[in-house]
Amino acid sequence: MSENTRYNIKDTEAKWQKVWDERKSFEVTEDPSKEKYYVLAMLPYPSGRIHVGHVRNYTLSDVVARYRKAQGYNVLNPMGWDALGLPAENAAMERNTLPKSWTYENIAQMKAQLLTMGLAIDWSREVATCDPDYYKHEQKMFIEFYKKGLAYRKESVVNWDPVDNTVLANEQVVDGKGWRTGAPVERRKLNQWFFKITDYADELLEAIDGLERWPDKVRTMQRNWIGKSQGAQFTFNFTTSPSCHPERSEGSQKPQEDSSASPQNDKPLTVEVYTTRPDTLFGASFVALAADHPLAKQLAGDKDGFDDFIQKCQSTGTSEEAIEKADKLGFDTGHKVAHPFIEGRELPVYLANFILMDYGTGAIFGCPAHDERDFAFATKYGLDILPVVEHGEEELPYVGPGKMINSDFLDGLTSEEAIAAAIKKLEELGAGQGVTKFRLRDWGVSRQRYWGCPIPFVYRESDGACIPVPEDQLPVELPEDIDYDAPGNPLDRHPTWKYTTCPETGEPAIRETDTCDTFFESSWYFLRYLDPNNTERGFSDEASKYWMAVDQYIGGVEHAVLHLLYSRFFTRALKACGYAVTDEPFDGLFTQGMVTHTTFADEDGNWLFPVDVEQKDGNWVTIDGGKPVTQGAVVKMSKSKKNVIDPQDIIDTYGADAARLFILSDSPPDRDLEWSEAGIEGAWKYINKLHRSLMEIKDKLAAKDAPAPSAFSDEGSKLRRTVHQTIDAVGREIEDFHMNKAVAKIRELSNDMVSFDPKDDSDAYALREAWEALVVLINPMVPHLAEELWAELGHDQILADTNWPETDESLLENDTVTIGVQVNGKVRATITLSPNASKEEAEELALADPNVQKAIGGGGVKKVIVVPGRIVNVVAG
RNA sequence: GCCCCGGUGGUGGAAUUGGUAGACGCGCCGGAUUCAAAAUCCGGUUCCUUCGGGAGUGUCGGUUCGAGUCCGACCCGGGGCACCA
């Protein structure tokens with residue numbers, strides 16, 4: 001093959017990227033005459049280099065975007081940077097630079113990389129969340145939420161590293177010690193900002209049912225996270241009176257919080273419990289409180305073993321083996337409470353390690369016959385096990401529903417009826433009421449960090465009043481003259497930044513030095529894309545009304561709960577503040593699988609990069625030195641295990657099209673994808689082959705404007721059927737995210753085309769038709785190659801502006817169909833007949849086959865089942 | 001422990017949802033081309049076989065004319081949640 005006909009991937013890809021850019025092919029505006037389609041890929045964190053997960057994500061969104069564009073939609077496919085966050089601060093500390101410059105350098109590098117992928121992105125809408133023009137609007141939203149009562153301040157406990165002078169996330173606390181300093185973590189109370197997502201708990205839960213184009217997995221995870229339960233909350237009265245003990249602690253303890261249970265002298269002592277099974281109240285045999293329940297210490301008095309018990313409860317949290325079996329541990333306080341329904345019945349009160357203070361009321365009643373944990377506990381401590389639900393053959397504990405027994409006025413009712421009846425009775429007695437509880441907590445957004453969106457409030461020094469920063473003073477910008485020499489939050493110790501005046505009185509005031517959780521930025525970035533240059537508001541109502549909701553959102557499943565739930569809350573909160581937004585931000589959601597790769601390690605167990613090893617005589621060795629290498633498990637690519645491939649190397653070597661094609665064709669997008677060098681080479685070969693094939697056959701194709709012939713040869717007709725069936729199938733597979741199947745269908749078609757030898761004008765016409773269809777079909781996957789081939793086919797209009805081919809209905813059906821003939825369920829022959837053949841014809845043809853006759857043997861035919869177009873099954877004797 | 005998802009050739013995966021299991025690709029084998037190699041092209045490739053056939057979709061059982069697909073029990077792998085009352 002001569003040099004000038006060889007497909008030059010590098011030049012060709014650069015050429016078409018330039019054409020798209022110059023023609024602004026993917027820039028869009030609101031166009032009421034066209035139906036919109038909003039494709040959204042989860043925005044990347046600018047870590048510096050793109051990884052294969054990005055390539056997979058944006059290839060998928062690109063296929064959808066290009067496919068929908070070809071179908072005539074006005075497609076919005078934007079991109080931006082989730083640019084605030086802790087890694088920038090860590091990098092700044094390590095490299096003695098500033099988070100801002102580190103971040104913007106990374107953005108520039110990653111953008112340059114993404115541009116080589118040839119994505120159909122409207123770059124004019126690019127957004128970086130660390131830009132004050134971006135966070136200005138969310139500061140305004142924050143204040144609007146505050147005014148609506150959706151944002152509030154409250155004292156709450158944080159993990160405090162006393163050496164670094166900083167707050168730690170739960171993940172940064174290892175064995176009770178700070179991950180960096182190793183210092184024991186203190187629990188400190190700080191004033192923190194919260195968003196009232198709990199106001200929307202019910203609505204967010206109910207609306208999950210309507211998210212039909214979301215994966216079931218994600219919907220289930222969100223339901224569980226919200227964790228709605230209905231039950232009864234009621235009070236037990238103590239029949240014993242614990243002596244009021246002075247605090248025995250070392251004095252550093254915080255005063256105890258107010259609680260439902262009041263330790264005051266004159267009122268009788270009570271404890272409030274929560275249950276989802278008030279129907280089983282007659283089966284109650286104990287009451288249990290969390291070890292850190294406000295009443296615990298008072299109830300324990302100076303009984304022996306209390307300190308021991310508390311210590312054990314705390315240690316179960318960390319010792320690994322104990323968690324496995326997690327023995328039920330109890331501490332008998334010796335005190336008793338009265339059963340609310342049974343005169344004279346007393347229940348012992350325990351402290352127990354399986355009761356959590358932060359769920360429900362931190363106290364329960366135990367019904368061992370109908371609860372697993374209560375059963376284990378009662379067995380261990382020799383408490384009564386009283387069945388109150390008919391359980392037939394089932395062994396105790398029986399947790400299912402049934403008819404009530406041994407339960408006085410509840411006897412004979414179903415569990416459901418009994419729950420209602422028990423709640424009614426509790427209400428009559430004034431002991432409690434039916435309540436609904438959620439696991440979901442309000443969203444704490446305060447972070448004691450520098451590289452985040454400043455929370456736009458000041459506190460007046462004279463009286464501590466919390467005052468929102470007036471709109472005309474927004475944004476509250478991050479100072480750039482910061483230092484990382486001392487531990488802690490640079491904003492807090494900045495010499496001037498936080499000192500300001502009260503906008504109302506002009507008195508001295510202190511700025512809030514906390515910044516927002518970075519989930520704040522990602523909760524509305526899809527709205528900013530709609531109107532990225534709006535300086536008055538984050539986005540206009542008009543833009544939102546035209547583009548929202550997102551038609552197809554694509555990203556990793558790791559955001560199944562937090563990001564996706566916060567965004568759903570955010571649209572509702574914005575709506576409450578007068579913005580025009582849909583309730584639900586994302587109509588369709590697709591979660592892609594992980595990209596995995598083999599791990600390699602040297603003799604000492606150190607991880608090795610795949611680029612540093614090679615295979616020699618069937619064994620893996622290091623390239624540098626040839627030392628033996630062991631091949632380990634295939635796991636998600638991660639820097640720590642070094643099993644990463646730099647996609648840029650792949651793109652530089654094989655081109656973006658090959659990388660895209662391999663990623664799409666090897667595995668279904670929702671499953672994990674195992675990266676392999678061999679796979680990428682296969683994709684690369686196919687790209688070259690398509691180009692070569694067209695170059696070879698080009699002169700034999702009919703002219704671009706040749707009239708349709710009046711008739712086609714048998715081969716020509718067959719090819720045309722395949723073409724139209726493929727057009728039909730590929731569209732459906734793309735819509736279902738079966739990109740691997742779409743690619744397979746295209747390859748089948750191209751195999752047929754390559755072996756098709758045009759003999760006359762009608763064949764030449766059919767083959768041109770086939771090539772034109774093939775190129776359009778493959779465009780979403782390998783757009784550079786497709787543009788090149790399209791131009792080779794003689795078109796002036798670029799492919800990015802070309803519509804998806806129409807299918808000819810009459811060609812979707814074949815004129816003959818080959819079906820199997822079974823004898824007693826085993827295939828013995830195949831027959832070919834018209835798809836409209838009658839059952840009788842099919843039966844006749846099947847029985848005429850010698851192989852079928854042979855299989856039937858002497859027993860004769862008992863019955864023949866004919867499923868037209870599918871199968872014939874002969875039942876022989 | 002509970003809740004999902006998955007298990008099909010050497011390998012990634014197809015199978016019109018109960019109707020010819022293994023599409024398409026990777027790898028491998030054989031051949032052509034080449035001084036040679038690369039690239040490319042052609043053919044083969046589930047396993048066993050006495051070449052007639054037989055077996056086969058994690059295991060065992062069931063329903064059906066017919067099961068990868070439906071039902072029951074179990075085994076293995078991955079993910080999520082977790083003393084949630």
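Since the structure is predicted, the reported quantities are computational estimates derived from the model, not experimental observations. Protein chains get the first letters and strands the later ones, always in sequence-line order, with residue 1 at the start of each.
Counting only distance, with no hydrogens or angles, the side chain of Asp371(A) and the backbone of Asp374(A) share a donor-acceptor pair below 3.5 Å. No side-chain donor-acceptor contact under 3.5 Å links His724(A) to the backbone of Leu811(A).
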Ring pair (Phe, Tyr, Trp, His ring centres under 6.0 Å) between Phe331(A) and Tyr350(A), worked out: CA-CA 5 Å; Phe331(A) 177 82; Tyr350(A) 281 77; 8.6 Å; no
Asp849(A)/Arg828(A) under salt bridge (Lys or Arg N to Asp or Glu O under 4.0 Å): CA gap, chis, key distance, verdict: CA-CA 9 Å; Asp849(A) 189 286; Arg828(A) 299 295 177 180; over 6 Å; no
From CA spacing to verdict: ring pair (Phe, Tyr, Trp, His ring centres under 6.0 Å), Tyr654(A), Phe662(A): CA-CA 11 Å; Tyr654(A) 299 100; Phe662(A) 167 61; 9.8 Å; no
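Comparing rC41(B) with rC26(B), their P atoms sit 10 Å apart, to the nearest whole Å. Taking atom C1' in both rG22(B) and rU57(B), one finds a spacing of 9 Å when rounded to whole Å. For the P atoms, the distance linking rU50(B) with rU59(B) amounts to 26 Å, nearest Å. Atom name C1', nucleotides rG13(B) and rU8(B): the rounded distance is 9 Å, in whole Å. Spacing of P atoms, rC3(B) relative to rA55(B), comes out at 38 Å, to the nearest Å. Comparing rG30(B) with rA38(B), their P atoms are spaced 13 Å from each other, to the whole Å. The separation of rU49(B) from rA32(B), taken at their P atoms, amounts to 29 Å, rounded to a whole angstrom. Comparing the same atom, C1', in rG56(B) and in rU46(B) gives a spacing of 8 Å after rounding to whole Å.
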Atom pairs, N/O to N/O, protein against nucleotides 18-26 of chain B, distance under 3.5 Å?
residue: rU20(B); atom: O4; partner: Thr818(A); partner atom: O; Å: 2.3
residue: rA23(B); atom: O2'; partner: Glu748(A); partner atom: OE1; Å: 3.4
residue: rA23(B); atom: O2'; partner: Glu748(A); partner atom: OE2; Å: 3.2
residue: rG25(B); atom: OP1; partner: Asn751(A); partner atom: ND2; Å: 3.2

Could you go over nucleotides 51-57 of chain B and give all protein N or O partners under 3.5 Å, atom names and distances?
residue: rG54(B); atom: OP2; partner: Arg828(A); partner atom: NH1; Å: 3.3

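A side-chain N or O of Tyr686(A) and one of Ser750(A) form a donor-acceptor pair less than 3.5 Å apart. No side-chain donor-acceptor contact under 3.5 Å links Thr816(A) and Thr832(A). When only modelled atom types and interatomic distance are considered, Lys745(A) and Gln725(A) share no side-chain donor-acceptor pair under 3.5 Å. For the residue pair Asp728(A) / Thr807(A), no side-chain donor-acceptor distance below 3.5 Å is found, with atom types taken as modelled.
Each of Gly360(A) and Trp225(A) was assigned the nucleotide of RNA chain B with the nearest heavy atom; the assignment lying further toward the 5' end belongs to Trp225(A). Ranked by how close their nearest RNA chain B nucleotide is to the 5' end, Asp216(A) and Pro668(A) are led by Asp216(A).
Here Leu673(A) lies out of heavy-atom contact (under 4.0 Å) with every strand. Backbone-only engagement by Ser667(A) is indicated by non-hydrogen atom pairs under 4.0 Å involving sugar-phosphate atoms exclusively.
Glycosidic conformation of rU17(B) is syn; the angle stays within 90° of 0. With its glycosidic angle more than 90° from 0, rG54(B) adopts the anti conformation. In rG62(B) the O4'-C1'-N dihedral to the base is more than 90° from 0, which defines an anti nucleotide.
In this entry the distance linking CD of Glu696(A) with C1' of rA39(B) reads 13 Å, nearest Å. Regarding Gln222(A), its CD atom lies at a distance of 13 Å from the P atom of rC81(B), rounded to whole Å. Glu272(A) has its CD atom 17 Å from the P atom of rA85(B), to the nearest Å. To the nearest angstrom, P of rA85(B) lies 15 Å from CZ of Phe234(A). Going from atom CE of Met739(A) over to atom P of rA14(B) covers 14 Å, rounded to whole Å. Going from atom NE2 of His738(A) over to atom P of rU17(B) covers 13 Å, rounded to whole Å. In this structure, CZ of Phe737(A) is placed 19 Å from P of rG13(B), rounded to the nearest angstrom. The distance between atom CG of Asp670(A) and atom P of rC5(B), rounded to the nearest whole Å, is 13 Å.
Between Arg219(A) and rC4(B) there is no side-chain polar atom (N or O) within less than 4.0 angstrom of OP1 or OP2. When the side-chain nitrogen and oxygen atoms of Tyr359(A) are compared with OP1 and OP2 of rA85(B), one or more of them lie within a distance under 4.0 Å.
In this structure, Asp670(A) has no salt bridge (Lys or Arg N to Asp or Glu O under 4.0 Å) partners at least two apart in sequence or on a different chain. Contacts of Asp216(A) classified as salt bridge (Lys or Arg N to Asp or Glu O under 4.0 Å), with partners at least two apart in sequence or in another chain: Arg219(A).
Between Phe737(A) and Phe590(A), the ring-plane angle classifies as parallel under the 30° and 60° cut-offs.
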Dot-bracket line, read 5' to 3' along RNA chain B, where crossing pairs take [ ] and | marks a partner on another strand, Watson-Crick or G-U under 3.5 Å: (((((((..(((......[....)))((((((.......))))))(((....)))..(((((..]....))))))))))))....
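A ring pair (Phe, Tyr, Trp, His ring centres under 6.0 Å) with Phe341(A) is found for exactly one of Phe236(A), Phe365(A), Phe282(A), namely Phe282(A).
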Table please: side-chain donor-acceptor pairs of residues 853-876 of chain A below 3.5 Å, with sequence neighbours left out.
residue: Gln853(A); atom: NE2; partner: Leu847(A); partner atom: O; Å: 2.7
residue: Asn873(A); atom: OD1; partner: Gly825(A); partner atom: N; Å: 3.3

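Out of rC41(B), rA82(B), rA85(B), the shortest distance to the side chain of Arg692(A) is found at rC41(B).
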